[in-house]
Amino acid sequence: MKNFIHAYVDEEQLDSWIASLHPADWKRDINHCLVTIYFSFEQQKLALRLSSHIQTKVPIAQVIGCSSAGEIAFGTVFTNSIIISISIQE
């Protein structure tokens, strides 16, 4: 299993990050893809919109959301943020 983490800033950076993972190649190599969006309560509307956006970019993914009081990534606790995790099983 491979895991990839992204601290959301804007859609342009999100799209660049997803493209750098080469999702077009995943259909033939991936058995399962799970995208988890961790978000603060204040970010729930944006997280819902991002869920749909990510689904269009990575159609093979199952996208789920998880609200939190602090999002952890890169050894740091973020608040009022969105962290996106992509886990793929080859």
Crowded around Phe74 CZ? As in, over 12 foreign heavy atoms under 6.0 Å?
yes
Is there a path of hydrophobic side-chain contacts, each under 4.5 Å between heavy atoms of I/L/V/M/F/W/Y residues, joining [Y] to [X]?
X	Y	result
Tyr38	Ile18	no
Leu14	Val63	yes
Trp17	Leu50	yes
Val35	Leu46	yes
Leu34	Val58	no

Point-to-point distance, once rounded to the nearest 0.5 Å, from [atom1] of [X] to [atom2] of [Y]:
X	Y	atom1	atom2	value
Leu48	Gln43	CG	CD	12.5 Å
Ser68	Ile37	OG	CD1	12.0 Å
Asp15	Thr56	CG	OG1	8.0 Å

Residue set satisfying side-chain hydrogen bond (donor to acceptor under 3.5 Å, both in side chains) with Thr76, at least two apart, ordered chain then number -> none
side-chain hydrogen bond (donor to acceptor under 3.5 Å, both in side chains) filter on Gln44, not counting sequence neighbours, yields none
By salt bridge (charged side-chain N to carboxylate O under 4.0 Å, His left out), Glu42 pairs with (sequence neighbours left out) none
Shortest non-hydrogen contact from [X] to [Y]?
X	Y	value
Ile82	Ala47	CD1-N, 4.0 Å
Ile86	Cys33	CG2-SG, 3.9 Å
Phe4	Leu21	CD2-CD2, 3.5 Å
Met1	Gln89	CE-CB, 4.3 Å

side-chain contact (heavy atoms from CB on, under 4.5 Å) with Ile83: of Phe39, Tyr8, Phe78, only one passes, and it is Phe78
Subject >> Thr36 side chain near Ser87 side chain, heavy-atom distance below 4.5 Å >> reply: no
Should the pair Glu11-Arg49 be classified as a salt bridge under the 4.0 Å nitrogen-to-oxygen rule?
-> yes
